[in-house]
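To start, the structure under review is shown below, and the notes come after it.
Computed over heavy atoms, backbone and side chain alike; hydrogens, waters and symmetry mates excluded.
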Amino acid sequence: MKKVFVSTSIPYVNASPHLGHALELVQADVIARHHRLLGDRVFFLSGTDENSLKNVRSAENAGENVADFVYKNYLNFYNLKEVLNISFDDFIRTTEKRHFDGAQKLWMACKKDIYKKKYSGLYCVGCEEYYKEDDLINGLCPEHKVAPELIEEENYFFKLSNYQEKIKELIEKDEVKIIPQSRKNEILSFINSGLQDFCISRTSERAKGWGIDVPGDETQKMWVWFDALSNYINALGYGSSDESKFLEFWQNNDLKIHIIGKGINRFHSVYWLAMLLSAGISLPKTLFVHGYITVDGQKMSKSLGNVINPYNLVEKYGCDAVRYFLLREIPALGDGDFTFEKFEKRYNSDLAGGIGNLLSRTLVMINKKNVIFNRNPEAIFVDKNQEVNKKIKDNFIQFNDTLSEIWELVSFCDKYIEEKKPWAIKDKDENEIVFSNIIYSLKNISQMLKPFLPDTAEKIEEQIKTLRPEPLFPRI
């Protein structure tokens, strides 16, 4: 039995979640469910990043106590578990004691590479990152389109330059594999431009007293990214009295997969690796870097105010319909655009008029003609199902392409029904052959859909058992 660690990134809780957060959760959930179906032992982790300065400022702007504000928004993220049918095994908040303990232990483990100096730099609170002037576009943060703040402080720094060659070698040789290749190339380009030591703390005064104390220096709080990245190991017990899960799923495990957005690739592919190397801790194996959901060509973002609320979308269309759109319409490793028109078109064509119609019409005809469907499927159906299964296995991580293959099988069955016209067949044996072929395929389709649309897969299986057709996706 293989062990697999799967994680999402942890979003800031300065506002409620949007559809971009739902995309990452669903993608990670598909990977976790896929490995469980293979018989692997899976630990699937998600969480919330609660120690950022942007959370503090958002609470102030809302006129709320920071802890209360953070807790309220944390619940909005956590409750996506039920709304989107997410199967994570643990959810870590960075305000928990276990996270504080682990983050401080990691700081001490990196102590040899940490030093203090006075510093002046341009800081974007939205990114929680310092920028060089050359990185800005017309003086603005390229991500949030706002002017960064000039910060002058005495802070702690991490000797990132010590790890430039080692990180480059790890990524070039795919010892830490970055998917897709374009994101790997971006990181190698960044490394080749020369890695500079980076600031890993801020004054407690600027942090408004919010965050994790630097060990031995209460005048400084950890930079939010230094503390946040450690969540992956802290949730496994790093820094606690029981590190058995940390040893099992992190230290002694090669299959560690981070699912992250392209905007935070650098933090995971460079800073996180350097921190782990410094501390002598095992490295992640795979960084799955997805794109953004755009609206009118712009990244969907709380800061830009063009968000789609996943709660509202699920309430209107249903959980699996939302999961399907995110996985089918949005390229797994690229950007995709959302409109309600696109959503409803996918819903009606693929779900209501596709798998839903195939199942319903099949069961209605079986009931009407009182057909038994326990014959072995014909070779052409066995071959087609095996062909689709192989394509899925070979290219599973390209979720949109995988679902496209499954729907090719749906179309294959629809075409077969139109050619055979079973409603007009009077021969009992011929009817049994036709419906045995279709039911065989529907059972396989339900298995293929389990990681993607778990509720739908279960409904297909149940309706085949009971022969009671009910709309999977009522047409809108």
Side-chain angles (χ1 to χ4, degrees), residues 5-11 20 23-24 27-28 31 49 106 110 113 121-124 126-137 141-144 157-200 223-233 250 254-279 281-292 299 301 331-335 397-398:
F5 175 86
V6 179
S7 71
T8 67
S9 62
I10 53 173
L23 171 68
E24 182 166 303
Q27 288 182 332
I31 292 172
D49 189 347
L106 181 63
C110 296
D113 290 309
L122 297 168
Y123 194 76
C124 172
C127 296
E128 295 285 5
E129 181 182 14
Y130 282 99
Y131 279 98
K132 303 174 190 174
E133 285 197 34
D134 291 347
D135 295 329
L136 304 177
I137 299 175
C141 163
E143 192 82 6
H144 293 94
F157 279 71
F158 180 89
K159 295 178 182 177
L160 182 62
S161 51
N162 284 357
Y163 298 96
Q164 176 165 329
E165 293 306 315
K166 181 60 177 176
I167 294 172
K168 179 181 178 181
E169 178 186 357
L170 288 166
I171 293 172
E172 283 182 336
K173 294 182 177 180
D174 284 339
E175 292 181 41
V176 176
K177 187 174 181 63
I178 301 174
I179 303 170
Q181 181 70 32
S182 59
R183 302 299 168 207
K184 173 182 176 179
N185 294 341
E186 286 175 1
I187 291 300
L188 288 173
S189 177
F190 174 68
I191 293 170
N192 288 332
S193 70
L195 296 183
Q196 297 183 347
D197 297 353
F198 63 99
C199 181
I200 57 171
W223 176 47
V224 64
W225 273 103
F226 191 96
D227 100 58
L229 288 164
S230 69
N231 90 87
Y232 303 121
I233 55 178
W250 193 272
D254 289 332
L255 285 173
K256 300 187 284 285
I257 308 167
H258 290 318
I259 292 86
I260 60 172
K262 64 181 180 180
I264 56 174
N265 189 11
R266 183 186 305 180
F267 298 99
H268 289 78
S269 300
V270 178
Y271 301 156
W272 179 224
L273 297 190
M275 291 156 58
L276 292 171
L277 287 168
S278 176
I281 296 173
S282 177
L283 303 176
K285 176 61 179 176
T286 303
L287 296 170
F288 176 101
V289 188
H290 63 79
Y292 293 146
K299 172 193 172 188
S301 163
L333 298 165
D335 295 341
I397 210 163
Q398 294 285 359

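- Here the straight-line distance linking atom CD1 of Ile178 with atom CD1 of Ile260 works out to 8.0 Å at 0.5 Å rounding.
- If you run side-chain contact (heavy atoms from CB on, under 4.5 Å) between Lys168 and each of Val270, Ile187, Leu188, only Leu188 comes through.
- Note that CD1 of Ile397 is 4.5 Å distant from CD1 of Ile179, once rounded to the nearest 0.5 Å.
- Distance check, rounded to the nearest 0.5 Å: NE2 of His290 to CG of Asn265 gives 10.5 Å.
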Report task. Before giving the answer on side-chain contact (heavy atoms from CB on, under 4.5 Å), spell out for Leu333 and Phe288 the whole-Å C-alpha distance, their side-chain angles and the decisive distance to 0.1 Å. Result -> CA-CA 8 Å; Leu333 298 165; Phe288 176 101; 3.6 Å; yes
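- Although no hydrogens or angles enter the test, the distance criterion places a donor-acceptor pair under 3.5 Å between the side chain of Asp197 and the main chain of Ser161.
- Annotation for Gly291 and Leu23: closest pair O-CD2, 4.2 Å, computed over non-hydrogen atoms.
- Taking CD1 of Ile167 as the start and OH of Tyr271 as the end, the distance is 10.0 Å to the nearest 0.5 Å.
- Taken from CD in Gln181 to NZ in Lys177, the straight-line distance is 7.5 Å, to the nearest 0.5 Å.
- With rounding to the nearest 0.5 angstrom, the CG atom of Leu287 is 13.0 Å from the CZ atom of Arg183.
- Contact check for Phe190 versus Leu195: side-chain heavy atoms found under the 4.5 Å cut-off.
- Classification of the Trp225-Trp223 ring pair by plane angle, with boundaries at 30° and 60°, yields tilted.
- Between Ala332 and Gln27, the closest heavy-atom pair is O-NE2, 3.2 Å.
- The shortest non-hydrogen separation linking Lys256 to Trp250 is NZ-O, 2.9 Å.
- Closest approach of Gln196 to Leu160, counting heavy atoms only: O-CD2, 3.4 Å.
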Report task. Go through Asn231 and Asp49 one step at a time and tell me if the side-chain contact (heavy atoms from CB on, under 4.5 Å) criterion holds. Result -> CA-CA 9 Å; Asn231 90 87; Asp49 189 347; over 6 Å; no
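- No side-chain heavy atom of Leu273 sits under 4.5 Å from any side-chain heavy atom of Lys166.
- Residues Leu229 and Leu106 form no side-chain contact, since every pair of their non-hydrogen atoms from C-beta on lies 4.5 Å or further apart.
- In this structure, the side chain of Gln164 engages the main chain of Ile191 through a donor-acceptor pair within 3.5 Å.
- In this pair, Tyr163 and Phe158 present their aromatic rings parallel. The plane angle is below 30°, not in the 30 to 60° band.
- When side chains are defined from C-beta on, Tyr232 counts as touching Ser9, because their heavy atoms get closer than 4.5 Å.
- Remark: Asn185 CG is packed, more than 12 non-hydrogen atoms of other residues, nucleotides or ligands lying under 6.0 Å away.
- When all heavy atoms of Gly263 and Phe267 are compared, the closest pair comes out as O-CE1, 4.2 Å.
- The only member of Leu276, Asp254, Leu255, Ile257 that meets side-chain contact (heavy atoms from CB on, under 4.5 Å) when paired with Pro284 is Leu276.
- Taking 4.5 Å as the limit, every side-chain heavy atom of Met275 sits out of range of all side-chain heavy atoms of Ser278.
- Closest approach of Asp174 to Lys184, counting heavy atoms only: OD1-NZ, 2.9 Å.
- Surrounding NZ of Lys262 are more than 12 heavy atoms belonging to other residues, nucleotides or ligands, all under 6.0 Å away.
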